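Report on one structure; see the data block that follows.
So that the names make sense, note that chain A is the first sequence line, chain B the second, and so on, each numbered from 1. Owing to the predicted nature of the structure, the values given are computational and were not obtained by experimental measurement.
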Number of protein chains: 2
Amino acid sequence: MPRRHKFVKYFTNTPDMALSSKRIAESTVRRLSMYLRYLEGLDESGQKTASSDELAQLCGTTPAQVRKDLSFFGSFGKRGLGYPVHELSTRLRDIMGLSQAWQVVIVGAGKIGSALAEYRGFRQRGFKVVGVYDKNPDKIGRPWGEATVQNISDLASDVLTHRVDIAVLAIPADDAQDVVDLIVAAGVRAILSFAPTSLHVPPHIAVKTVNMAMELEGLSYALTNRGD
Amino acid sequence: MPRRHKFVKYFTNTPDMALSSKRIAESTVRRLSMYLRYLEGLDESGQKTASSDELAQLCGTTPAQVRKDLSFFGSFGKRGLGYPVHELSTRLRDIMGLSQAWQVVIVGAGKIGSALAEYRGFRQRGFKVVGVYDKNPDKIGRPWGEATVQNISDLASDVLTHRVDIAVLAIPADDAQDVVDLIVAAGVRAILSFAPTSLHVPPHIAVKTVNMAMELEGLSYALTNRGD
DNA sequence: GTGTGTGAACGACTTCACAGCC
DNA sequence: GGCTGTGAAGTCGTTCACACAC
């Protein structure tokens, strides 16, 4: 079977590189997200520049890694000085697509979904909950934050008539693939799943899975087989 | 700064390999966890054997990967037949350390923690919540599942007097490092953090971080720079 | 014939190390 | 002197391909 693509293309927008494209590794994108978090903190505290060394320290990586990651998108740094904090933040937000608002639906009106929606960074980063769905009749119609829980049977038609960029799946593993098929058919192109199962999607759909069970079991393994 | 170790040693317990040790990649351990999940499903449904092809299909990986992963721990499969479902499940549970009970404390009496504790697989896999802590006076003393929320200032002494294997951190990023230092000093050796920040720990401590913000931003990046 | 086990080949990410610029 | 940018080298995980066992 085809493996899910690990890379996406990044089209630069500097004049001299207008037609070039680069594959950026998923691990790099994750670090960019981290750099951005800390850069914004530095920016707020009034710091003007930051070296690759400082960023590496904050993010738990190496200076060489920081420089390599940032170099994929151009030369932001000044040799001998470091990177301009505010400018780099702005640039990273653009690169990550965080300058725009994304419309999110949450499927599964449980605690995970509300934990996510309540998280400050969620709205701050431009993610907006435009709908919450569940299949449990007891939950349908109830208030949920600023929204009202809707019937999951309305999900597909709602996605067809309203723009939905990202679907968050906070439902049992057994239900996950069915919902995925539904929303992919309706045009959703990105999915964040908390269901502890592997999801099968067409290659152009972006999927991230957060599997808490897997993380815990990873710790169990580490405790059991720790290098003494 | 030292990078966190990516590997742990696994000491085999077959007679002829008693003294050998192998480094198992983190990615392999994650897949073992997935194999186990599906093997238990197959076992319940009464299936006796499963081929690497079948497991790969279920888990979204490749047959070669499955065989390689399992071969690190010995030869379980029968050539021409596949792997014995029940036996392999048992073996994987042992390897992952899931045959024993782990004592878990949850720091931060919010929704993420309760979502985790409510999750069926949590207890089923032998993870037992032995304490819930918060620093918010409004929450301290309130019932929380079968437990009562305790004052976070009691955490360190409780960890010293009771066995705690794993600490789950469901607290704001700004508080995370302080709590980590506290519990590591008190002897906790494994941490699952939901705080969107990088944690600094001594090399012998196992840490997994689940960063939902990072996952969402990864989707934002993919949507923005999708390969057309 | 069917499917495992595994060394070898491959590819991808990380680290090194140094030229180049401030 | 200090720090970035980057080809080259290194490391590690994945895929291949085939001998071998049932």
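Phosphate proximity of C:dG3 to B:Ser52: absent, as no side-chain N or O sits under 4.0 Å from OP1 or OP2. The side chain of A:Ser27 places an N or O atom within less than 4.0 Å of a non-bridging phosphate oxygen (OP1 or OP2) of C:dT14. Using a 4.0 Å cut-off, no side-chain N or O of A:Ser51 falls inside it from OP1 or OP2 of D:dC3.
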Report, one pair per line, the protein and nucleotides 19-22 of chain C atoms (nitrogen or oxygen only) whose separation is under 3.5 Å.
from, atom 1, to, atom 2, distance (Å)
C:dG20, N3, A:Arg79, NH1, 3.1
C:dC22, O4', A:Arg79, O, 3.1

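When rounded to the nearest whole Å, the span between CD of A:Gln65 and P of C:dC16 equals 11 Å. The OH atom of A:Tyr83 sits 8 Å away from the C1' atom of D:dC3 (whole-angstrom rounding). B:Phe72 places its CZ atom 11 Å from the P atom of C:dG7, with the value rounded to the nearest Å. Atoms CD1 (B:Ile24) and C1' (D:dT14) sit 15 Å apart, rounded to a whole Å. Taking atom CZ of residue A:Arg31 and atom P of nucleotide C:dC13, one finds them 10 Å apart after rounding to whole Å. For the pair B:Arg67 CZ and D:dC16 C1', the interatomic distance rounds to 10 Å; values are reported in whole Å. The CG atom of B:Asp69 sits 13 Å away from the P atom of C:dT6 (whole-angstrom rounding). Counting to the nearest Å, the P atom of D:dG1 and the CG atom of A:Asp53 are 18 Å from each other.
Proximity of a side-chain donor or acceptor of A:Ser193 to a complementary backbone N or O of A:Ala195 within less than 3.5 Å is detected.
Applying the ring pair (Phe, Tyr, Trp, His ring centres under 6.0 Å) rule to A:Tyr119 yields no partners; only residues at least two apart in sequence or on another chain are considered. Under the rule for a side-chain hydrogen bond (donor to acceptor under 3.5 Å, both in side chains), the partners of B:Glu40 that lie at least two apart in sequence or sit in another chain are B:Arg93, B:Arg125. Applying the side-chain hydrogen bond (donor to acceptor under 3.5 Å, both in side chains) rule to B:Glu87 yields no partners; only residues at least two apart in sequence or on another chain are considered.
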For a side-chain hydrogen bond (donor to acceptor under 3.5 Å, both in side chains) check, start with the C-alpha distance between A:Gln57 and A:Asp53, then their side-chain angles and the critical distance, and finish with the verdict. CA-CA 6 Å; A:Gln57 201 99 23; A:Asp53 235 313; over 6 Å; no

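Between A:Thr28 and B:Leu70, the residue anchored nearer the 5' end of DNA chain C, judged by the nucleotide with its closest heavy atom, is B:Leu70.
Applying the salt bridge (charged side-chain N to carboxylate O under 4.0 Å, His left out) test to every pair with at least one member in residues 60-70 of chain A, sequence neighbours left out, gives these pairs: A:Arg31-A:Asp69.
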Without placing hydrogens or testing angles, list every side-chain donor-acceptor pair under 3.5 Å for residues 95-107 of chain B, not counting sequence neighbours.
from, atom 1, to, atom 2, distance (Å)
B:Ser99, OG, B:Asp94, OD1, 2.5
B:Trp102, NE1, A:Ser220, OG, 2.9
B:Trp102, NE1, B:Gly97, O, 3.0

